[in-house]
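Okay, so here's the structure we're looking at.
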Amino acid sequence: MDADFFDRVWEVVDRIPRGRVTTYGHIAGYLGSRSAARTVGWALGAAKNTPLPCHRVVNRHGALTAAQRFGGPHVMSDMLRNEGVEFDDEGCVRLDLHLWDPAGE
DNA sequence: ATGTTGACATTGA
DNA sequence: TTCAATGCCAACA
């Protein structure tokens, strides 16, 4: 592919449907490197100037690790809630209900 | 050019 | 079960 690792990440993230979330591991695994989850997060950080729904990407535990990069932990959670995403008492996204697979749909 | 860091995940002990 | 170490790719010092 002509696209770099970052571009591929952005492409996948851009395909995340509204009200749905995915994890770094799933994206990385979809790109061919399941352990490249770190690079995936990096791509999102580099995409801060792009229209990517980075708030739909959470870690394997469903925790909003990127919320701190949004400028506030409540900002990200609020956006997800606005999309209909549910959270548990721990403030983590219910992956069992909203987990979206790049290769799934 | 080399080493460290970074929004993570997985495996081994 | 929990903790530590390793892998991945790119950017920064």
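Labels below follow one simple rule: chain letters A, B, ... track the order of the sequence lines, proteins then strands, and each chain is numbered from 1. Quick caveat: nothing in here was measured; it's all calculated off a predicted structure. We use all heavy atoms of the structure for the numbers below, so side chains are in, but hydrogens, waters and symmetry mates are not.
B:dA1 makes up no base pair with any nucleotide shown, lacking Watson-Crick or G-U wobble contacts both under 3.5 Å. Under the Watson-Crick and G-U wobble criteria, each requiring two contacts below 3.5 Å, nucleotide B:dA7 is left unpaired.
What separates CZ of A:Phe70 from P of B:dA7 is a distance of 13 Å, to the nearest Å. One atom, CD1 of A:Ile27, and another, P of B:dA9, lie 10 Å apart when rounded to the nearest Å. Distance, A:Asp4 CG to C:dC9 C1': 11 Å, rounded to whole Å. Here the P atom of nucleotide C:dA10 and the CG atom of A:Leu31 are 11 Å apart, to the nearest Å. When rounded to the nearest whole Å, the span between CG of A:Leu44 and P of C:dA11 equals 14 Å. Taking atom CZ of residue A:Phe5 and atom C1' of nucleotide B:dC8, one finds them 12 Å apart after rounding to whole Å. Rounded to whole angstrom, the span from the CG atom of A:Asp7 across to the P atom of C:dC9 amounts to 15 Å. Rounded to whole Å, the distance from CZ on A:Arg69 to P on B:dT5 is 15 Å.
Side-chain atoms of A:Thr39 come within donor-acceptor range of the base of C:dC9, with a qualifying N/O pair under 3.5 Å. The base of B:dA7 lies close enough to the side chain of A:Tyr24 for a donor and an acceptor atom to sit less than 3.5 Å apart.
With P as the reference atom, B:dT4 and C:dA5 are 15 Å apart, rounded to whole Å.
Ranking B:dA9, B:dA7, C:dA10 by closeness to the A:Ala66 side chain, first place goes to B:dA7. Nearest to the side chain of A:Ala37, among B:dT11, C:dC8, B:dA9, sits B:dA9.
If you find the closest nucleotide of DNA chain B to A:Asn59 and to A:Trp42, the one lying nearer the 5' end belongs to A:Trp42.
Within 4.0 Å (heavy atoms only), A:Gly45 reaches at least one base atom of the nucleic acid. Among the atoms of the strands shown, base atoms are found under 4.0 Å from some heavy atom of A:Ser35.
Here A:Arg38 does not reach the OP1 or OP2 of B:dA7: none of its side-chain N or O atoms lies under 4.0 Å away.
In terms of modelled atom types and a separation under 3.5 Å, the side chain of A:Arg56 and the main chain of A:Ile16 share a donor-acceptor contact. Looking at A:Asp88, its side chain does come within 3.5 Å of a backbone N or O of A:Glu90 through a donor-acceptor pair.
Two residues are said to be in side-chain contact when any heavy atoms from C-beta on lie closer than 4.5 Å; A:Trp100 and A:Val12 meet this criterion. When side chains are defined from C-beta on, A:His55 counts as touching A:Glu83, because their heavy atoms get closer than 4.5 Å.
The shortest non-hydrogen separation linking A:Met76 to A:Val58 is CE-CG1, 4.3 Å.
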